[in-house]
Amino acid sequence: MRISKLFGKTQREVPAEAETVSHQLLLKAGMIYQVASGVYSYLPLAWKVLKRIENIIREEMDAAGGQELMLPVLQPLELWQETGRDLAFGKGLFTLSDRRDRKLALGPTHEEVITELVIRNVNSYRDLPLLLYQIQTKFRDEPRPRAGLLRVREFTMKDLYSFDSDEEGLSQSYNKMLQAYQNIYTRCGLPTVLVEADSGAIGGKDSHEFMVLTETGEDEIIYCNNCGYSANTEKAESIKDKLADEKPLPLEEVDTPSITSIESLSSFLKVPQSHTLKVVFYVADGEFVIVVIRGDIEVNEVKLKNALHCFELRLATEAEVKQAGIVAGSASPIGISGIRVIADDSITSGANFVAGANKPDTHFRNVNYPRDFKVDLIADIARARAGEGCPKCGSRLSSSRGIEVGHVFKLGTFLSQKLGAFFVDPSGGSHPMVMGCYGIGLGRLLAAAIEQNHDDKGIIWSMSIAPYHIYLCPLYLENPQVATVAETLYAELEAQGLEVLFDDRQESPGVKFNDADLLGIPIRVTISPRTLEKNSAEIKKRSEKQSQLVPLEGIAKRLKELISEGLSKLSNSA
RNA sequence: CGGGGUGUAGCGCAGCCUGGUAGCGCACCUGAAUGGGGUUCAGGUGGUCGCCGGUUCAAAUCCGGCCACCCCGACCA
């Protein structure tokens, strides 16, 4: 490809709105163009990378026994109502009406549609296990698209759905996919870690995410260096430090003028935050609820949502708090009635806490559970933190940020039961199929690859997903000798099937080198009067500093070697 | 949805306070010189100033409403 003909221009300056590295570089390299919030056009270079990623995924899915098919984006809303997942997705589901006023949804995922399809085609245990997948556009009306391609509303995703006759089969399918995913990331040159995850709106039991560790990641991961436990904070558990047992003292009211936060309360009364009780107000599917947790611990809303079995959970507004008759800033579960109270299990250890008194500027000392207040539900609803104990081995936990580039779920039978996906076993009995689903966002994978592989000059693509392998970079094209050699070499490399981006522009060396670095093509081949004096070209890898002069004679062979070296480093067997 | 911010040429920005019909840099086009890390000079093309309404002789500028986009939070395979 000649750069002079390539659609898409590099830019010197990027919009101030782009904050993450991958977003900036994608814009600067002229690879993507934003059409609306969370909606992008992909220019040829980005599209090439996406297709490379897609092919790697396809090969691994096929190798694992998957069969590719194509499913509709447009889906009847009724299908979603059947499984109740229209509620689980809530406003995240794009919906529309057709001319007859039938309600439709733009598929955010395809379990419903594919399960229906499987029902029509599978009756017997003989047809199982079944692994079906699609690589298609999906739509989710995210509350807040952000960071370029990392969180968008329209995106390409590979989803594989597994159908098995029992839990054992599901585990096998699940493990197959875990391995296939490892292969995919290895081949893309993208190191990932596997973490336990919450299954969210998708539903189901076991769930794992593949994370690329980067500082800019949206997710926080809690992990143990000792035993290898790792989990998304949405899911992570921890052993909270136990407080010393004390003899319960009598409840005592204290004046706390203008003290409304745990921080100020702690310093005003000179008690550690861990000896206070914090109260947080939520509205769960329209019901006002109170959450009690130790002052130094944060509420994990995913855990809370799961504990409450609700679809929609949000912090209550000031007005709602007031209407519930609660004094924000001095609130407490003591003496509350008619409102559901949920407590974190952290309140069951320790004694003599400071808590609100439910009247302005007043708190209680020596609050003890269950002596002084009742709760309706006790659960682990705390956000695990680095430094706390590992739930598996007790060692200290660490934390890191990451980008989720893959998510696998053991769905079980809840969808097959709701939709009626049953099969007949060898003895004639009917059972629901046991399902799993396994997704990878391609655009996000691309963005994550940039987040993890770049320098201050630009992108550094892995050989396996780079849009082109070679950046042919002649300097001083006005020089007829340079032009002739460059054109000849370009033709030769193309003829040999190498993928070359030919910088045939009459630009200064600085411009060309900077673009080469920005675009991140793995191998740069420079030709100039200087190299031609020695009948050579200069070869430089994007990932390395030094370059070498290589004779023009036989250079195609040398380049082929470099490319296959680059690819074999990323092979599964490595 | 709550908080904050921004909309002026493809991109980055100034002009707005104090109204007088739009400017700078990059990019793009023409020419010349230069040139191994975004080179220099000269000339040139390109803008419904986010949209609608109001005030005014006159609105990018003042007032009102709306919209879009970004950031933080909420939310989110």
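Within every chain, numbering begins at 1; the chains are lettered A, B, ... in the order of the sequence lines, protein sequences first and strands thereafter.
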Under 4.0 Å between a side-chain nitrogen and a carboxylate oxygen: does that hold for [X] and [Y]?
X	Y	result
A/Arg58	A/Glu54	yes
A/Lys410	A/Glu167	no
A/Asp159	A/Lys138	yes
A/Asp344	A/Lys303	no

So what does [X] hit on the nucleic acid, given a heavy-atom distance under 4.0 Å: a base, only sugar-phosphate, or nothing?
X	result
A/Lys512	nothing
A/Pro509	sugar-phosphate
A/Phe210	nothing
A/Arg524	base
A/Asp159	nothing
A/Thr20	nothing
A/Glu478	base
A/Ala516	nothing

[X] has an atom [atom1]; how far is it from atom [atom2] of [N], in whole Å?
X	N	atom1	atom2	answer
A/Leu519	B/rG38	CG	P	17 Å
A/Lys540	B/rG37	NZ	P	13 Å
A/Glu209	B/rC76	CD	P	13 Å
A/Arg144	B/rG2	CZ	P	15 Å

Q. Is there a side-chain contact between A/Tyr471 and A/Leu519 (heavy atoms, below 4.5 Å)?
A.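 Side-chain contact under 4.5 Å: yes.
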
Q | Integer angstrom distance from the P of B/rC13 to that of B/rC76 | A |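 Here B/rC13 and B/rC76 have their P atoms 33 Å from each other.
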
(Q) Reading RNA chain B from 5' onward, which residue's closest nucleotide shows up sooner: A/Arg12 or A/Glu142? (A)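 Its nearest nucleotide being more 5', the pick is A/Arg12.
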
Q | First encountered from the 5' end of RNA chain B, between A/Arg153 and A/Arg146 | A |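 Closest to the 5' end, via its nearest nucleotide, is A/Arg153.
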
Q: Could you pull out all residues at least two apart from A/Phe163 that satisfy ring-ring contact (aromatic ring centres under 6.0 Å, His included)?
A: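 Testing A/Phe163 for ring-ring contact (aromatic ring centres under 6.0 Å, His included), a comparison that skips the adjacent residues, returns none.
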
Q: Go through residues 22-42 of chain A and report each residue with a non-hydrogen atom lying under 4.0 Å from RNA chain B, sorted by number.
A: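 Within residues 22-42 of chain A, the residues near RNA chain B are A/Lys28, A/Gln34, A/Ala36, A/Ser37.
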
Q) Is any N or O donor-acceptor pair between the side chain of A/Ser528 and the base of B/rG36 shorter than 3.5 Å? A)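 Between B/rG36 and A/Ser528, which were checked side chain against base, a qualifying N/O pair under 3.5 Å is present.
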
(Q) Should the side chain of A/Glu507 and the base of B/rG38 be counted as holding a donor-acceptor pair, with the cut-off at 3.5 Å? (A)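 When only heavy-atom distances are counted, A/Glu507 does not reach the base of B/rG38 through any donor-acceptor pair under 3.5 Å.
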
(Q) Quick check on the 6.0 Å ring-centre criterion: do A/Tyr185 and A/Phe210 meet it? (A)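 Centroid separation for A/Tyr185 and A/Phe210: below 6.0 Å.
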
